[in-house]
Amino acid sequence: MDRSTILARRLSARHLSLMAVGLALAACVSAAPVAYSGLASSAQLAPNPQDDRMPFRTATPVDWRGYNRIIIDPIAIYRGPDNQFGDMSEADKAELAHAMQMAFVEKLKTRFILAADPAPGTLRLRLTLTGASASTPVLSTFTRIDIGGGLYNGVQAVRGGEGLFTGAVIYAAEIYDAPTSRLLNAFVAKQYPGSMNIGATFGSLDAAKTGLEKGADALVAQLK
């Protein structure tokens with residue numbers, strides 16, 4: 001057996017081994033959201049099987065065009081026993097909460113006037129960071145270019161699923177009519193970057209932050 005054949009077999013075995021590990025981990029890459037018991041709206045949240053990224057929600061018919069102002073409360077970090085942060089450090093949670101505040105403020109101010117008083121025509125948005133997972137350094141990037149990992153991530157891209165070794169973020173949004181404090185809409189969402197997004201794999205929290213940007217964009221679209 002010549003040297004090139006031996007090398008090819010070793011590379012193939014390495015790809016298969018990595019793929020096997022990746023597939024085993026992919027089944028539990030990040031937790032599925034729950035209807036967190038500590039949320040003000042938890043009793044009203046119902047399963048939403050039509051949308052994997054928003055598995056729980058409640059809503060009443062609302063003409064969002066009647067609102068042109070919004071109060072965005074400071075981001076809360078969920079402390080209930082059913083939180084889904086795993087072993088994430090408090091520093092990382094705080095960093096994500098800050099990134100979340102910035103992302104939602106920047107996106108929502110393109111649609112609403114940012115407000116501080118509950119005047120007519122004003123929404124109040126309460127966002128709670130309920131869980132997150134970090135990307136695995138090096139591996140999350142490597143599996144975008146590795147043959148075995150690339151195949152899996154390519155399939156996930158078609159399905160809209162998570163990539164290998166890539167982080168995600170889970171949060172709850174509760175939207176109220178500010179003058180009356182009446183709950184108009186609430187949901188739990190999970191967001192993550194596209195499975196072939198190499199740029200979101202370099203830092204351990206980059207994927208979760210990309211998920212926050214996507215979540216903010218989705219909320220703006222929802223409230224139009």
Side-chain angles (χ1 to χ4, degrees), residues 29-33 36 39 48 51-57 64 67 70-78 83-86 88-115 123-137 139-141 143-144 153-154 156-175 185-224:
V29 64
S30 59
Y36 303 96
L39 298 173
N48 182 35
D51 189 346
D52 289 341
R53 289 181 184 258
M54 192 184 292
F56 296 94
R57 69 172 303 179
W64 299 114
Y67 295 91
I70 191 167
I71 300 168
I72 304 175
D73 288 349
I75 305 299
I77 298 175
Y78 187 68
N83 76 79
Q84 293 180 297
F85 291 107
M88 179 169 283
S89 71
E90 290 300 318
D92 282 354
K93 294 176 194 176
E95 183 175 342
L96 286 179
H98 175 72
M100 187 175 191
Q101 187 84 34
M102 296 295 291
F104 278 82
V105 167
E106 286 301 309
K107 301 291 185 178
L108 286 165
K109 73 180 184 181
T110 65
R111 162 67 176 84
F112 298 96
I113 298 168
L114 300 180
L123 296 172
R124 179 181 292 276
L125 174 64
R126 293 177 181 167
L127 293 164
T128 304
L129 185 64
T130 57
S133 57
S135 298
T136 303
L139 278 177
S140 57
T141 303
T143 52
R144 271 44 179 196
N153 285 322
Q156 288 295 85
V158 174
R159 298 174 54 215
E162 297 176 68
L164 288 173
F165 305 107
T166 306
V169 65
I170 308 173
Y171 60 92
E174 296 165 307
I175 306 168
N185 185 289
F187 59 86
V188 172
K190 179 178 182 179
Q191 293 285 358
Y192 42 84
S195 61
M196 297 302 291
N197 186 340
I198 295 178
T201 66
F202 297 118
S204 63
L205 298 181
D206 284 355
K209 290 178 180 178
T210 299
L212 292 172
E213 295 281 344
K214 293 179 68 172
D217 283 331
L219 184 59
V220 171
Q222 179 183 334
L223 298 178
K224 286 185 176 178

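Remember, predicted model here, so these are calculated numbers, not experimental data.
- You'll find the side chain of Phe85 stays beyond 4.5 Å of the side chain of Asp92, heavy atoms only.
- Between Lys190 and Asp52, the closest side-chain pair of non-hydrogen atoms is not below 4.5 Å.
- Residue Ile170 is tested with Leu129, Thr128, Thr130 for a side-chain contact (heavy atoms from CB on, under 4.5 Å); the sole match is Thr130.
- Considering only residues two or more places apart in sequence or on other chains, Asp73 meets the side chain to side chain contact (heavy atoms under 4.5 Å, CB included) condition with Ile71, Arg124, Arg126.
- Considering Met100, Met102, Glu95, Lys214 in turn, Glu95 is the only one that fulfils the side-chain contact (heavy atoms from CB on, under 4.5 Å) rule with Lys209.
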Enumerate donor-acceptor pairs with a distance under 3.5 Å from any side-chain N or O in residues 215-224 to protein atoms, sequence neighbours excluded.
{"residue": "Asp217", "atom": "OD1", "partner": "Lys107", "partner atom": "NZ", "Å": "3.2"}
{"residue": "Gln222", "atom": "NE2", "partner": "Asn185", "partner atom": "OD1", "Å": "3.4"}

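- For Ile113, the side chain to side chain contact (heavy atoms under 4.5 Å, CB included) criterion is met by Arg69, not counting sequence neighbours.
- Note that the CG atom of Leu114 and the CD atom of Glu106 stand 8.5 Å from one another [nearest 0.5 Å].
- For Arg57, the salt bridge (charged side-chain N to carboxylate O under 4.0 Å, His left out) test picks out no residue, with sequence neighbours left out.
- Among residues two or more places apart in sequence or in another chain, the side-chain hydrogen bond (donor to acceptor under 3.5 Å, both in side chains) test is passed with Glu213 by none.
- Note that CG of Leu108 and CD1 of Ile72 are 4.5 Å apart. Values are rounded to the nearest 0.5 Å.
- Atom CD1 of Ile77 and atom CD of Glu90 lie 6.5 Å apart (nearest 0.5 Å).
- Contact record, Gln84 with Ala32: NE2-O, 2.8 Å, taken as the closest heavy-atom pair.
- The ring-ring contact (aromatic ring centres under 6.0 Å, His included) test applied to Tyr36 returns Tyr78, not counting sequence neighbours.
- The shortest heavy-atom contact between Ala168 and Ala208 is O-CB, 3.8 Å.
- The closest side-chain heavy-atom distance from Trp64 to Ile175 is below 4.5 Å.
- In terms of heavy atoms, Gly211 sits closest to Val169 at C-CG1, 4.0 Å.
- In this view, Phe187 satisfies the ring-ring contact (aromatic ring centres under 6.0 Å, His included) rule with no residue, not counting sequence neighbours.
- At least one side-chain heavy atom of Met88 sits less than 4.5 Å from a side-chain heavy atom of Leu96.
- Closest heavy-atom contact between Ala207 and Gly167: CB-O, 3.4 Å.
- At a threshold of 4.5 Å between non-hydrogen side-chain atoms, the residues Ile75 and Phe104 do not count as touching.
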